[in-house]
Protein chains: 2
Amino acid sequence: MPTIYDIAREAGVSITTVSNILNNKGRFKPETVARVLEAVERLKYRPNFAARSLAARRTNTLALSALLTPESFDPLNLQYFGAIAQAVSRSGFNFLLHISHNLESFERFASMGICDGWLLMMVRRQDERIALLKEMGVPFVSIGRPDEMEEVDVVDTDFEQTARLALEHLLALGHRRIAYLAEPLEFGYSAIRLRAYLACLKEYGLEENADLVAETDGTEAGTVRALEALWSKGRSITAIITHDIPALTVLRTLREWGLQVPEDVSVIGCSDSPLAALADPPLTTINLYVERIAEAAAGALARRLQEPEAPPAHTLIPARLVVRGSTGSAPSVG
Amino acid sequence: MPTIYDIAREAGVSITTVSNILNNKGRFKPETVARVLEAVERLKYRPNFAARSLAARRTNTLALSALLTPESFDPLNLQYFGAIAQAVSRSGFNFLLHISHNLESFERFASMGICDGWLLMMVRRQDERIALLKEMGVPFVSIGRPDEMEEVDVVDTDFEQTARLALEHLLALGHRRIAYLAEPLEFGYSAIRLRAYLACLKEYGLEENADLVAETDGTEAGTVRALEALWSKGRSITAIITHDIPALTVLRTLREWGLQVPEDVSVIGCSDSPLAALADPPLTTINLYVERIAEAAAGALARRLQEPEAPPAHTLIPARLVVRGSTGSAPSVG
DNA sequence: GCGCTTTTGTAAAGCGCTTTAGCAATCGGC
DNA sequence: GCCGATTGCTAAAGCGCTTTACAAAAGCGC
């Protein structure tokens with residue numbers, strides 16, 4: 001591997017000059033720049049990451065933290081990974097993805113100073129990573145809202161709007177008895193979504209009714225139980241709002257019960273997971289504009305690095321309804 | 001952030017001693033070790049990654065390379081990520097995941113020397129990452145088989161066995177007209193699987209018949225077309241072997257055609273993606289023991305780092321059949 | 001208590017960069 | 001043709017570690 005000294009020698013300049021040219025600092029004769037660049041090209045020189053990071057006390061690298069949990073197997077996460085990887089690269093930073101199975105492994109990695117800042121995914125209501133990063137003084141952006149978000153940069157979906165999108169779609173189709181099947185409420189986003197749904201219900205003058213809300217524990221069996229709870233209340237539910245993953249189970253369970261989707265019951269998901277289109281029937285859902293979220297998050301982190309003292313920013317990204325085959329007109333009341 | 005000098009001062013020793021103790025080199029009085037460790041603990045000292053890498057010319061970090069492609073949205077990949085992250089950590093290395101959308105982004109990252117070795121996922125038949133890493137002299141292990149694999153460390157599923165597993169299961173259920181719907185054959189694993197299936201067919205004395213083989217281009221529409229091609233041949237197929245993702249489309253399409261699974265047609269997948277259990281009916285498939293693959297790959301890379309000159313090793317991991325609801329007895333011939 | 005090895009430690013060099021401070025040459029204005 | 005500003009470049013320090021080479025102290029056999 002060639003070093004900066006090799007380049008300097010080849011180009012007939014000092015290593016300072018090479019360094020400055022490579023980092024666009026100072027002014028140089030175009031001819032000098034050309035000589036240096038040519039040498040870089042010819043020797044296939046790449047600055048050594050460790051040396052550069054050590055000297056500059058900056059790694060120019062941003063990391064995305066993902067958690068390894070049973071519920072993290074939504075392929076939507078892969079879309080996030082990809083979109084964030086691209087967004088970060090476009091901002092001129094190196095990107096890396098860290099997957100941790102526990103806080104300790106995250107802490108170990110975070111305290112090695114391998115990256116300048118963090119993007120946090122799968123954020124919990126009381127996320128320990130946030131506390132840790134704050135304590136260490138490492139810049140970060142939370143993708144998703146923790147309970148205490150005043151002091152943190154947050155990028156998230158505008159769930160108030162997604163609730164409205166889902167509800168208005170169903171209302172327009174004539175549905176009035178609309179159930180909500182929530183993912184575990186310990187996940188911040190789930191609680192926020194439920195709240196938004198309830199607020200929106202009220203806004204439209206529909207009764208807020210505990211019979212119409214159920215919570216799954218995240219497992220398939222839990223989803224079936226939640227669905228049974230909903231149905232056991234004996235009121236004629238014609239539509240159900242849930243998340244994409246439980247929706248798959250809902251779809252299958254309803255079919256087992258002899259109910260047709262969307263003829264008897266409409267089902268709407270909440271995040272346009274790649275699975276949604278593969279479902280049977282294809283799931284009507286809400287697309288989260290993953291790319292925009294990624295872009296906003298990468299941008300927010302880059303800004304935070306530039307201006308450490310700027311006030312925290314909260315960015316909510318709008319979503320859009322994707323109508324597929326799982327929603328239809330409400331059955332006419334018999 | 002405390003440095004090694006702070007620890008040395010606190011413990012009353014030299015920085016060499018601190019370094020040696022932290023890296024288990026040389027012999028020291030238990031008392032000295034205790035003093036150093038206590039200081040480390042108290043000041044929450046973590047060796048600086050950049051400084052350490054620069055001085056040691058080793059980063060003690062292993063990276064997993066994933067590609068960002070449309071077909072990479074199988075949540076099975078998330079299982080791989082998680083399992084490999086854990087296996088690598090257990091081997092005592094730092095782990096990081098790199099997602100590249102093209103070769104250039106991979107090359108840029110790989111040539112920064114941020115990691116000592118690579119694990120390659122989603123390996124293509126002619127994978128450019130392999131050529132690149134070889135040229136750079138960077139150790140790596142390929143998870144999956146490239147066309148030219150004599151000179152590379154490979155860990156892969158034993159597809160000869162998976163083919164047998166699938167075929168024997170269907171044969172035992174009385175199926176004789178068994179179709180194979182392959183993923184794009186440009187993916188190495190797809191070609192290997194098809195070959196294994198054909199070999200196994202022959203072994204059981206079944207006719208090898210072009211009418212029973214089709215290839216999807218990876219899209220949903222392509223899968224439907226492939227399925228139509230199979231059915232248009234006019235022979236009464238009673239079972240179909242495919243991969244998990246296309247299987248979802250197959251399931252839905254067959255239902256649209258009025259065919260019952262498994263009463264009329266049995267469907268078997270090939271990798272026990274988390275999706276398989278969510279399918280309707282739940283998909284009979286082959287579980288790949290992702291953890292074992294991860295363990296083997298991490299182990300192979302660690303070994304390669306220790307013994308750069310050892311001959312390349314090829315490790316095939318066996319799989320197991322997971323019987324769920326998509327396979328059943330062959331319909332009695334009318 | 002002499003020579004030997006083993007134990008326990010240290011000083012100093014250097015990994016490959018960035019950054020700071022500064023200097024020589026050139027230029028424009030008068 | 002003198003002065004200050006600008007342009008174009010460099011020497012040297014130092015980032016926080018590991019490693020090499022070496023040394024003092026302790027233990028041991030006799």
Side-chain angles (χ1 to χ4, degrees), chain A residues 1-37 39-40 43-61 92-94 108 111-116 136 305, chain B residues 1-37 39-40 43-61 92-94 108 111-116 136 305:
Chain A
M1 287 277 134
T3 72
I4 199 171
Y5 289 93
D6 299 316
I7 304 302
R9 185 168 14 77
E10 291 290 310
V13 295
S14 72
I15 62 162
T16 308
T17 299
V18 175
S19 175
N20 282 329
I21 286 177
L22 258 26
N23 294 300
N24 305 308
K25 292 189 179 162
R27 308 192 51 75
F28 296 91
K29 279 203 283 209
E31 187 210 316
T32 312
V33 172
R35 275 213 319 284
V36 167
L37 261 26
V40 166
L43 303 192
K44 290 182 193 301
Y45 166 74
R46 301 279 176 178
N48 178 288
F49 176 78
R52 183 183 268 227
S53 305
L54 181 58
R57 284 183 223 93
R58 210 169 7 83
T59 65
N60 205 36
T61 298
F93 289 89
N94 300 313
R108 211 178 33 239
S111 58
M112 291 195 318
I114 237 175
C115 61
D116 296 335
M136 303 198 315
L305 289 173
Chain B
M1 287 277 132
T3 72
I4 198 170
Y5 289 93
D6 299 317
I7 303 304
R9 184 167 13 80
E10 291 290 311
V13 296
S14 71
I15 61 162
T16 307
T17 299
V18 175
S19 174
N20 282 330
I21 286 178
L22 257 25
N23 294 299
N24 304 309
K25 292 188 178 163
R27 308 193 48 75
F28 296 92
K29 277 202 283 210
E31 187 210 317
T32 312
V33 172
R35 272 212 322 282
V36 168
L37 261 26
V40 165
L43 303 192
K44 290 181 191 299
Y45 166 75
R46 301 280 175 177
N48 177 288
F49 176 78
R52 182 183 268 223
S53 305
L54 181 58
R57 284 184 219 94
R58 212 170 5 84
T59 65
N60 205 36
T61 299
F93 289 90
N94 300 313
R108 211 176 36 237
S111 57
M112 290 194 318
I114 237 174
C115 63
D116 295 336
M136 303 197 315
L305 289 173

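Every chain is numbered from 1 and lettered A, B, ... according to where its sequence line falls, protein lines coming before strand lines.
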Between the first and last five pairs of the helix from C:dG1-D:dC30 to C:dC30-D:dG1, the angle of the axes, rounded to 10 degrees: 30°
Any side-chain heavy atom of A:Asn48 within less than 4.5 Å of one from A:Thr3? no
When you measure from the side chain of A:Arg35 to the backbone N and O of A:Ala11, does any donor-acceptor pair fall under 3.5 Å? yes
Side-chain contact, heavy-atom cut-off 4.5 Å: A:Thr59 with A:Ile114? no
Should B:Asn94 and B:Phe49 count as side-chain neighbours, where that means a heavy-atom distance under 4.5 Å? yes
Within residues 13-22 of chain B, those residues having any heavy atom closer than 4.0 Å to DNA chain D are B:Ile15, B:Thr16, B:Ser19, B:Asn20
Of B:Lys25 and B:Leu54, the one whose closest nucleotide on DNA chain D sits nearer the 5' end is B:Leu54
Take B:Ser14 and B:Thr17, measure what side-chain hydrogen bond (donor to acceptor under 3.5 Å, both in side chains) needs, and give me the verdict at the end. CA-CA 5 Å; B:Ser14 71; B:Thr17 299; 3.2 Å; yes
Identify the two heavy atoms, one from A:Val13 and one from A:Val36, that lie closest to each other, and give their separation to 0.1 Å. CG2-CG2, 4.0 Å
Outermost contacting nts on DNA chain C, any atom under 4.0 Å from chain A heavy atoms, listed 5' then 3', are C:dG16 to C:dT20
Any non-hydrogen side-chain atom of A:Tyr45 less than 4.5 Å from a side-chain atom of A:Leu22? yes
Do any N or O atoms from the side chain of B:Asn20 and from the backbone of B:Thr16 form a donor-acceptor pair under 3.5 angstrom? yes
What is the distance, to the nearest angstrom, from the OH atom on A:Tyr5 to the P atom on D:dT10? 13 Å
Looking at side-chain heavy atoms only, is the closest gap between B:Arg58 and B:Ser53 below 4.5 Å? no
With DNA chain C as reference, determine whether A:Ala56 or B:Gly12 sits nearer its 5' end, using the nearest nucleotide of each. B:Gly12
Side chain to side chain, A:Leu305 and A:Asp116, heavy atoms closer than 4.5 Å: yes
Tell me what A:Ser53 touches on the nucleic acid: a base, only sugar-phosphate, or nothing, going by heavy atoms under 4.0 Å. nothing
Just call it for B:Tyr45: base, sugar-phosphate, or nothing, with non-hydrogen atoms closer than 4.0 Å on any strand. sugar-phosphate
I need the minimum non-hydrogen distance between A:Leu43 and A:Pro2, along with the two atoms involved. O-CG, 3.3 Å
For atom CZ of A:Arg27 and atom C1' of D:dA5, their distance in whole Å: 14 Å
